[in-house]
Structure formats: C-alpha cells, structure tokens
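Residues: numbered from 1 along the sequence shown.
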Amino acid sequence: MVRTNVVAPKISVKIWRPILDKLDVKLEAACLRRDAYLSKVLANEIKCLDDEVVIPNSQAGYDYLTANLDLLDRKLVSFALPSELSSRIAQVCDSKRIPRDAWFNRVLLLLVAGPKTIDKLLFWHYDGDWRIDVWARFRDDTETFREAFERMEVHVSPFAWIREGLGIYTEKVQLKDYLEPSSGATVKVTHTLTGQPELPVGLYTTLFEKREQQEINLVGLNTYMPDWKIPGHSAAVAEGSALDKLFGEI
C-alpha cells in the first residue's frame, strides 16, 4: 500500500507586521515549525474563545472591531491548518460575531508579547503582582506544576498561568447570573451603571482600549466588544450620561 502525505489546507489571514517579525524570531529560537506549533495552540484556544466570549458581539460590535483592525499595517499570511480546525474556527467566530483575523492577531500578539506588555494589556486593573499571587497559590501543588510543564512541552496551553492570574482577579468580583438570550444559557456577568451585562475579565474578554498618549491602536485586536463601549452607539451614550449623573451627585 502506497502512503501519501496529506497536505493540510491553507487559510489566509492578515497579520499585523510587528507580530510576524517577533513570531519568526521566537519560533526559530525554540526550533519550532510554525504551522505545526500553531495548530496545537489554536486547537486549544478556539475552545477557550468559545467558553470565554459567552455573549456574542452585536453586528455593530463586529463592524467596529473590523474597522479598527483595518487601521493596522497587516500582511497576508497563509497557514496550513487541519481542515477540522479551520472549520471550528469559522464556526465559533461566526456564531460569536468575532472577526476571525482579530482573534488570530490577538493570539499571536500574546504569544510574542513580553512580560511588561502582558501586564499593560491584561493586568492594568490588577492590584499587586499577579505572578506572585499565582506562585503563592500553586507553589505547594506539585501535580499542577508538573501538568503545566507538560502542557508547555507540547505547546498546547501557553497562556495557562495568565489565565490563573486573571482568575484570581475575577474571584474578587461579585458576579451575577445572566440569561444570555441567543443561547438560552445562564452565564456569569457584572453590570454597568445602566444595567448592561459585562463579561468578567479573561484572555479574550479583557478589552484592549485606545488610551491617551498611546501611539498604537489595538482596539481591532479585541474579540469582545459590548455596544456600550462603541463610541457614538446609543448604549455608549446612555452609559456616559449615567456616569455624568453619578459624578454630578458626588
């Protein structure tokens, strides 16, 4: 019987150029084959994306993310991924109204980002040092550390410790049940001043926002964008009015 090599179908994604440069350096240093490595990471992360973004974006949110993503200087890149993985990515991104390229760019950015960048993007709200807190929680749990290092060896879950840190923060927040209308599932949320549901912080729900004196606009690398965060949207206007009223009463 003659065995033939099965070539994985390719998908094209526009990736922000600075990410590509750093990714090439990192993979070369680790002696990793890009597409084989990313196939393992993305297979795990698409499950996490589906689990974390439990409230789909509106069409307005999708359009806003797409418009901001288009502001970045990106290069068209082809990735050879298993067909089942490509189909799963398309299904999740479509059902959650997440621009597929926004998710790809976010994953790759977090893969190449240094510690200071991770802190600025994901832990700006954290009071203290999340790494010390994670270490304190698991330093005596040898089984957890062993499993974590095994995951690192097969490159399945490179963000495991980051998620632990975000989880520690979420434990301090009072969450309430919310019936998500499109799925009928009950999910945990906080609420804004006007009662809008907000997902707890996570790798894919923590917003990259455009701040003053910030040269690069990373809004297009978000995978979660509630309407009340979209400038000019009626929900954002109502939220702003509620905030003004609150400050006016102080």
Could you tell me if the side chain of [Y] sits less than 4.5 Å from the side chain of [X], heavy atoms only?
X	Y	value
L122	W130	no
L175	T170	yes
P56	E180	yes
N44	F159	no
V173	V201	no
I55	V189	yes

How long is the straight-line distance from [atom2] of [Y] back to [atom1] of [X], given to the nearest 0.5 Å?
X	Y	atom1	atom2	answer
I46	C93	CD1	SG	5.0 Å
E52	L199	CD	CG	9.5 Å
S157	K40	OG	NZ	13.5 Å
M225	I98	CE	CD1	11.5 Å
L42	L111	CG	CG	8.0 Å
E198	T190	CD	OG1	4.0 Å

Under a 4.5 Å side-chain heavy-atom rule over Ile, Leu, Val, Met, Phe, Trp and Tyr, are [X] and [Y] clustered together?
X	Y	value
W228	Y64	no
W16	V13	yes
L32	L23	yes
L71	L108	no
V77	V25	no

What's the shortest heavy-atom distance between [X] and [Y], and which atoms?
X	Y	result
V92	L49	CG1-CD2, 4.0 Å
D227	A60	OD1-CB, 4.2 Å
S12	L76	CB-CD1, 3.8 Å
S86	I11	OG-CG2, 3.6 Å
Y178	P197	CZ-CG, 3.7 Å
S39	L85	O-CD2, 3.6 Å

### Electrostatic pair D50:R88 at N-O distance under 4.0 angstrom
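Yes, charged N to carboxylate O under 4.0 Å.
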### Query
Does a salt bridge link R74 with D101, judged by any charged N lying under 4.0 Å from a carboxylate O?
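Salt bridge: yes.
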Under 3.5 Å: donor-acceptor pair, side chain of [X], backbone of [Y]:
X	Y	answer
T206	L203	no
D129	R131	yes
D24	R34	no
D35	A80	yes
T205	P200	yes
N217	N68	no

### Message
Using the rule side-chain hydrogen bond (donor to acceptor under 3.5 Å, both in side chains), only one of K96, E45, R106 pairs with Y204; which is it?
### Response
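Among the candidates, only E45 passes.
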For [X], look at atom [atom1] and say whether over 12 heavy atoms of other residues, nucleotides or ligands are found less than 6.0 Å away.
X	atom1	answer
K172	NZ	yes
K26	NZ	yes
Q59	CD	yes
D73	CG	yes

### Message
For a side chain to side chain contact (heavy atoms under 4.5 Å, CB included) check, start with the C-alpha distance between D119 and W124, then their side-chain angles and the critical distance, and finish with the verdict.
### Response
CA-CA 6 Å; D119 290 347; W124 52 268; over 6 Å; no
### Task
Fit a plane to each ring of F104 and F79, take the angle between them on a 0 to 90° scale, and name the class: parallel (under 30°), tilted (30 to 60°) or perpendicular (over 60°).
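Ring orientation of F104 relative to F79: parallel.
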### Task
Hey, can you tell me if F123 and H125 have their rings parallel, tilted or perpendicular (30° and 60° cut-offs)?
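Ring orientation of F123 relative to H125: tilted.
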### Task
List the steps and the verdict of side chain to side chain contact (heavy atoms under 4.5 Å, CB included) for L221 and L121.
CA-CA 11 Å; L221 271 59; L121 291 177; over 6 Å; no
### Message
Which residue is it: V219, T223, L109? I am looking for the one with a side-chain contact (heavy atoms from CB on, under 4.5 Å) to F208.
### Response
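The passing option is L109.
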